Amino acid sequence: MATEFLITLFSSVQARRQRVIFGLLKRRLTVSTEYWGLRYNLLVYVGLLPHLDKNAFDQEIARFVNQGLLVEVGTDTNQFLLTQKGVVAKQVYQDKHYQIKYMNMATQPLANVRDFQQAFWLANQVVSEASYHNNRYYPLQVDLQTKNLVKRWYKQVSKEGVIDEWVTGITEFLQLLPPITANQLVATWVGHQTPGLNLTQLGLPVTWSEMDFYLWELDLFAYWQRQLTKCRDNQQALVRLWQLTQRQSLVSPGIQTTLQQIKQGMSMNAISEHRHLKIGTVREHLLTAAIRLPKEEFPYHLFLTSDVVTYLAQHLEGDIDEWRFTDIRTSDNPLEFFLFRLYEIYLTKNEVSEHATN
Amino acid sequence: MQQIDLKQVLQNRFGFERFKVGQEEILSALLAEQSTLAVLPTGGGKTLIYQMMGALRPGLVIIVTPLLSLMQDQVARLNYLGEKQVVALNSNLSFQEKQLILRNLRRYHFVFVSPETLNQEPVKAALQQVPINLMVIDEAHTMVTWGQDFRPDYLSLPQVHTYLNKPQLLLLTATATPNMVQEIMNQFDISPQRWFIYQQPVDRPNIFLHNEQLPDENTKRQRLKTLVQTIKGPGIVYFTSRKLATSMAEWLSTETKLNVVAYHAGMDAISRYRVQQQFMQGDIDVIAATSAFGMGIDKEDVRFVIHYHLSNDLASYLQEIGRAGRDGQQSVAILLYVLGDESIQFNLIDQSIPSDFAIEAYLDRGETAPITDDQMKLLDAYHQQNLTTTDIVQLFINRKKLRQSKLWCMIDYARSQEQLRKQISHYFGNDTQQLSQDMESVGVTAWQPERLNLVREEKPEHMSEVLEWSQQLKKLFNLR
């Protein structure tokens, strides 16, 4: 897939780590990677390119550097800034290519959007073939879990009503789209004697690459997903299929439990003992939850007490990205780093919400 | 042994009137417990053979198959033919998915598996626990081609076969020289009497062979355009690189107003599906493809296959042109060649086979710098066979020479002025006495599509506009 798109993930004012960007796209996450993903405002891209090849990625970054689009900050830091030329190249790229509209509003992991998209494709084919009473066809080859999920779903739905329900569900969504977009989206679908159309056959902008086509489809499904969350009719065939695909939550059940226990007043030490977790793991759970969840869902006040905030605010100022833990460190207690990082997360979330309200 | 009326099964269960050439002999041999190596042309009905064995005997049919994209096509094909208990085991599966399949192996009739996955301990162990009907190795020529160069797990197939208590084998290929047949057979621990070899002559009388040597790249490009414009479709044009396949598809579409679409292994599964099905359905005039296209495509009426670049060897070339004319109607295979085109293939050989220096650096000093992961695995595999560094270096030198000499046969073919059919049949050790001499030509001026009734008649249709979505829904869901 076109790696030129990677230029859009860099900034001219914030030095960004190559390793972090790769980890985000590939969904190889550590707390640190996710934290920097939050700082770069790139968490929306987590898991966007699961098959991204490390060599191809590195080569592309090297190419940007050779072309003078990116410059490494210092030596061997693996942190890069867009040059003036890079800013222009990024703008040119963005003008010619698809800009995501809906994905960044998603409150769901991208994996769910992708799973819904895959399941929809196959289910749509199954329903289409059923409407022609045909059971001899080449089924779309989706991953095994999705295949089983669609099988299960199709067993549950009422065979009499499914076609009408399906068309109703689809229509409700298509009516929300600009008509041309709706026409193009439907044209990509596979069904009875309908192989579906690819990028170059849809009348999409000629400057678009496979990457744009991928983003465009995924973005529309992210939008669909958002509409389906609002839907009240749980019995409708499409809604049921969608619900089955929502298997990943924003935070894992383990992290969820840690968060619950903290909210209920348990200490980190108590959780660690009670659940046989390393204390470091408990801290990681909390930081991950803070990064991924909306600000109001994390009990910052339990950790960032006024004393802590006063101390940190006195010692830290300016650009958060430039802050160094060693400047505020007073002992060997790892809790200090936890508080430092949590404070950074908290302020970043504030920046983002201020940005949104302005 | 109980006599089975194979024709009856064919008619009742599969709905075909008669067998394709060779199928019945191969099935009889399999039912007589012989392991079989079958050289059948593409489109010769290989799928039916193992599908029918699945119907005639209990137990699991394991099909080892080289390409992930191909595997998906094969699963879809069996689904299409009404087999539901089919699964593909490969690196696309998550850990959980793989576990689920391995725990429930007895539920399946057919398992498609890549050599890499088959060679994993848990997979082997699970397969050892279930009754195996037949072990099929599809595209078996890859055992002695890819195996030794970049897919080390192919080298382990004979050990896996032994580990699985030597189930009956069915090795399938469309292209194998007598040497290759021998080389493949020798790898398995099966006595010569227990082998049945079926080899169909490689010549396909309904595929006209035509070669053209052109002065330069630009002339070749223009010539391709003219050919695509004037020969009756549908057709396939093969390129060596994905990039070129993509850009040439665009260029040809614009220049000829025909519907020319690219296809390569770098595309995602649904995009490939759309292209394949559009092609099957007759919506596409020409596919601009890399060699990934075609294995597993079952389109009967492909009228031309044009090679814009050389294939790696005559075996690959034969395999690729074999996609033309499966319906038995007149078709053509055209090879376009510019002096020096072979440098691409020579470079590929150099890149894929590690140098002496790199081998020594890795094996003796553990330096990994110039070596890919696959090459490392391959070197490890050889190392475990107790070969010395010198042996291994020699082995790779021989490999390189062999591949270069095979490439030279391809180059000779591209440059030759006559006897195209004879060269191919001779290369595959077939009798060349009965070959037709007038079903081939060389040179731009010798090309006479009228004589073959292969002149494009239909005017290119403009691509239909994307319809309004409500109209599309009506068609999709049979609404009035």
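Here is the naming used below: chain letters follow the sequence lines, and residue numbers restart at 1 for every chain. All figures in this text were calculated on a predicted structure; none of them were measured in a lab.
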Donor-acceptor pair, side chain of B:R274 and main chain of A:T188, under 3.5 angstrom: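 Confirmed, B:R274 side chain pairs with A:T188 backbone.
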Check for a donor-acceptor pair, side chain of B:Y273 on one end and backbone N or O of A:Y138 on the other, with a separation under 3.5 Å.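 Checked: pair present.
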Go through the atoms of [X] and report whether side chain, backbone, both or neither lie under 4.5 Å from a heavy atom of chain A.
X      : result
B:V275 : both
B:L78  : neither
B:S94  : side chain

Going by heavy atoms in the side chains, are [X] and [Y] under 4.5 Å from each other?
X      : Y      : answer
A:H192 : B:N478 : no
A:Q201 : B:Q278 : yes
A:V186 : B:L476 : yes
A:L144 : B:I101 : yes

Contact listing (chain B partner; residues 152-165 of chain A; heavy atom under 4.5 Å):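 Counting heavy atoms that sit under 4.5 Å from chain B, the residues of residues 152-165 of chain A involved are A:I163.
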Using heavy atoms and a sub-4.5 Å threshold, report which of residues 169-183 of chain A line up against chain B, by residue number.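 Contacts with chain B: A:I170, A:T171, A:L174, A:Q175, A:P179, A:A182, A:N183.
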Toward chain B, the part of A:Q117 with a non-hydrogen atom under 4.5 Å: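 Neither part, no heavy atoms under 4.5 Å.
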For A:N124, is it the side chain, the backbone, both, or neither that has a heavy atom closer than 4.5 Å to a heavy atom of chain B?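 Both the backbone and the side chain of A:N124 come within 4.5 Å of chain B.
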Nearest non-hydrogen partners of A:K147 and B:V75, listed with the distance: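 Scanning both residues, the minimum pair turns out to be NZ-CG1, 4.0 Å.
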Sequence neighbours left out, what passes side-chain hydrogen bond (donor to acceptor under 3.5 Å, both in side chains) with B:D301? Give chain and number order.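 Partners of B:D301 under the side-chain hydrogen bond (donor to acceptor under 3.5 Å, both in side chains) test: B:K299.
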What residue pairs, at least two apart or across chains, pass salt bridge (Lys or Arg N to Asp or Glu O under 4.0 Å) with a residue in residues 111-134 of chain A?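 Every pair satisfying salt bridge (Lys or Arg N to Asp or Glu O under 4.0 Å) with a residue in residues 111-134 of chain A: A:D115-A:R247.
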